[in-house]
Amino acid sequence: MVTQSILNDPFNNKGTAFTETERQQLGLVGMLPPKVQTLDEQAEEVYQQYQTKSSDLEKRMFLMSIFNENRVLFFKSFSQHVAEFMPIVYDPTIATTVERYSEFFIQPQNAAFLSIDDPDSIEASLRNAANGRKIRLLCVTDGEGILGIGDWGTQGVDITVGKLMVYTAAAGIDPSEVLPDVIDAGTNNESLLKNPLYLGLKEHRVHGERYDNYIDQFVQAVEKLFPDVYLHFEDFGRSNAANILNKYKDNQLVFNDDIQGTGIIVLAGIIGALNISKQKLTDQTYLCFGAGTAGAGITMRVYNEMVASGLSPEEAKKHFYMVDKQGLLFEDTPDLTPEQKPFARSRSEFANADELTDLLSVVKAVHPTILVGTSTQPGTFTEEVVKEMAAHTERPIIFPISNPTKLIEAKADDLIKWTDGKGLIATGIPSDDVNYNGVTYHIGQANNALIYPGLGLGAIASSASVLNDAMISAAAHSLGGIVDPAQPGAAVLPPVTKLNQFSDTVAKAVAQSAVDQKLNQKPIKSVSDAIQKAQWKPEY
């Protein structure tokens, strides 16, 4: 029985690294090949096998098999190849496994599966999934707004698994102290409802009071079972994401990556770009293309930073424009969300207001200096749009951050070419360096993975009671300040290859902010020591 359990326990299994003495003690004699390997030897073997896989999907499936068998080996391998494994383990490859999750399902990867049809089992489900482990970080989705690919119901659980992998690989969060979770509230994805293999509820998505009550029961259960938890909300739909965050953020340690995380990474990229251009944030004109959860969250984050930089709220709002599928958002645009309303413009500002129905017409009318795309509309940052923007600003800041790859608004090499090398570019997907007129341009990746691991580590290590705007601003400035403005073609954000290093930088800034504000619930003598103590290293 002991043999069976330890070889199937990914948190304690060492596979061929069990020593001869351990094999005797644990009843493993004859259960493993005779050679005893070191962790480094195992990791090298993993990488050699990984390289034989012919597609990104095959590579991810292979790595997931290691993850399910041996967490230490998985994260040791991940830590040695962070930049190479990131797009395989997470975005963009994870989009395919989300779409095909029911087809690929083998085992649940220690996740909690909750059903809106059974609210009485919330506590039991969480307790069973935790299996006695101390949970410090819980990532939850309801699957309605997965990446840029929409409503995938219970299959969205894969996003929470991938997200938590990055927390561990980047910031050293102990993988035994994390819990992925999906709330199945139904789905409006007809392809899933008609799919006999689909593993989720075969009913349309629940909204309204019943949904809100369920979320409240869930949050209460999480706080009861895991009192020190950092609760990460991921890929909730437009109609629920902001409401949930606003309800809990002032009293509990919660975080919404789509609203706050995306806003932080874009703000950090803008700070990095302005460090290069030597311009001021308060002189910029910001255009958001795609005014959903992410777009509105980013806009609010940049707006808050402008106010913190000295502008009045009224002055700051004059710097912002939102464009969605119907064009520029006006105060009389039907069905504005609460997050869009503060930035909707008056039609009286424009002589041709009725003509501002597409991105190009708006760019011509407002002359933005910053253009951020969260539209999931591929190719919409056209050559004409970009050249029009570049004609009116010396260093256009252009961030097409929709993902996965097939949904990006423009490619980095086109943006560099269309701006004659003057554009300060970040993309939501990994982009290769661009060689143009003898200069190598390094393209920053505006991927939330650059910010949320350090943010979470800093909040957890400092025992913060809440995550507030000051801590978030500290995170953005710590990351944006890493760029080297003197380097020709410098990226506006640091590279994924240094993910571990700048996650520590972000964590220290966040934790110090929490301590300075006296938000820490436990005494902290040294922020650096607290962070180091909170980190886990993948070793046997």
Side-chain angles (χ1 to χ4, degrees), residues 3 5-23 25-26 28 31-94 97 104 106-107 109-110 133 137 158 161-178 180 430 447 449-450 453-454 457 495-504 532 534-540:
T3 301
S5 63
I6 199 164
L7 290 179
N8 289 283
D9 178 355
F11 300 106
N12 293 301
N13 181 28
K14 294 163 59 173
T16 54
F18 282 115
T19 65
E20 293 182 7
T21 300
E22 289 170 331
R23 297 180 191 201
Q25 293 173 340
L26 297 171
L28 299 179
M31 299 296 294
L32 296 163
K35 181 179 179 180
V36 176
Q37 291 183 299
T38 66
L39 176 57
D40 285 335
E41 287 174 332
Q42 287 181 319
E44 177 59 29
E45 186 174 329
V46 166
Y47 188 60
Q48 288 179 7
Q49 291 185 51
Y50 168 88
Q51 290 178 302
T52 68
K53 308 304 176 185
S54 59
S55 70
D56 288 350
L57 181 58
E58 282 187 55
K59 289 176 179 178
R60 188 176 193 281
M61 299 295 280
F62 168 70
L63 290 178
M64 289 306 299
S65 70
I66 304 300
F67 176 81
N68 289 332
E69 295 167 7
N70 185 331
R71 293 288 200 273
V72 172
L73 176 56
F74 173 84
F75 285 110
K76 183 69 172 183
S77 302
F78 198 165
S79 68
Q80 293 174 340
H81 307 281
V82 172
E84 186 175 356
F85 281 14
M86 273 287 289
I88 302 299
V89 165
Y90 195 59
D91 187 39
T93 309
I94 198 170
T97 61
F104 291 156
I106 297 175
Q107 58 177 310
Q109 299 147 354
N110 302 100
R133 294 180 290 128
L137 170 59
D158 226 20
V161 174
K163 211 80 178 183
L164 292 171
M165 288 177 177
V166 179
Y167 268 109
T168 296
I173 304 294
D174 189 334
S176 71
E177 296 183 353
V178 307
N447 187 318
L450 302 182
L457 173 60
V496 173
T497 53
K498 297 182 179 179
L499 187 58
N500 306 56
Q501 298 173 36
F502 59 71
S503 288
D504 278 358
Q532 189 172 11
Q535 289 180 302
W536 171 85
K537 303 295 182 185
E539 299 291 344
Y540 291 137

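A quick note: this is a predicted structure, and the numbers were derived from the prediction, not measured.
Across Thr38, Asn70, Thr19, a single residue satisfies side-chain hydrogen bond (donor to acceptor under 3.5 Å, both in side chains) together with Tyr540, and that is Asn70. The side-chain hydrogen bond (donor to acceptor under 3.5 Å, both in side chains) with Gln535 is formed by just one residue from the set Asp504, Asn500, Thr168, Asp174; it is Asp504.
A donor-acceptor pair under 3.5 Å is absent between the side-chain atoms of Arg60 and the main chain of Tyr90, judged by distance alone. In this structure, Gln42 contributes its side chain and Lys14 its backbone to a donor-acceptor pair below 3.5 Å. Here the side chain of Asn68 pairs no donor or acceptor atom with the backbone of Pro10 at under 3.5 angstrom.
For Arg23 and Phe18, the positive end is not near the middle of the six-membered ring at less than 6.0 Å and at most 45° from its axis.
For the atom pair Met61 CE and Ser55 OG, the distance stands at 10.0 Å (nearest 0.5 Å). Here Thr93 contributes atom OG1 and Ile88 contributes atom CD1; the two are 4.0 Å apart, rounded to the nearest 0.5 Å. Rounding to the nearest 0.5 Å gives a distance of 5.0 Å between CG of Leu28 and CG of Leu7. Note: Leu26 CG to Asn12 CG = 10.0 Å, rounded to the nearest 0.5 Å. For the atom pair CZ of Phe67 and CE of Met165, the computed distance is 4.0 Å after rounding to the nearest 0.5 Å. Taking CD1 of Ile94 as the reference point, atom CG of Leu57 lies at 11.5 Å (rounded to 0.5 Å).
Shortest non-hydrogen contact noted between Ser176 and Phe11 is CA-CE2, 3.6 Å. Closest heavy-atom contact between Ala17 and Val36: O-CG1, 4.1 Å. Closest of all the heavy-atom pairs between Ala171 and Pro453 is CB-O, 3.4 Å. Between Asn110 and Pro180, the shortest heavy-atom contact is O-CD, 3.6 Å. Considering all non-hydrogen atoms of both residues, Ala43 and Leu73 come closest at N-CD1, 3.6 Å.
For the pair Glu177 and Trp536, the minimum side-chain heavy-atom distance is 4.5 Å or more. Within the 4.5 Å cutoff, no side-chain heavy atoms of Pro87 are placed close to those of Asp56. Lys76 places a side-chain heavy atom less than 4.5 Å from the side chain of Glu539. A heavy-atom distance below 4.5 Å is found between the side chains of Leu499 and Leu450.
Residue-environment remark: CD (Glu58) exceeds the threshold of 12 foreign heavy atoms within 6.0 Å. A 6.0 Å sphere centred on CD of Glu41 holds more than 12 heavy atoms belonging to other residues, nucleotides or ligands.
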Going through the checks in order, is the side-chain contact (heavy atoms from CB on, under 4.5 Å) test met by Lys537 and Phe75? CA-CA 9 Å; Lys537 303 295 182 185; Phe75 285 110; over 6 Å; no
Please assess Met86 against Val166 for the test side-chain contact (heavy atoms from CB on, under 4.5 Å), listing each intermediate value before the final yes or no. CA-CA 8 Å; Met86 273 287 289; Val166 179; 3.9 Å; yes
Take Leu63 and Lys53 through the side-chain contact (heavy atoms from CB on, under 4.5 Å) test and state the conclusion after the steps. CA-CA 11 Å; Leu63 290 178; Lys53 308 304 176 185; over 6 Å; no
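Ring geometry for Tyr47 versus Tyr50: interplanar angle under 30°, hence parallel rather than tilted (30 to 60°).
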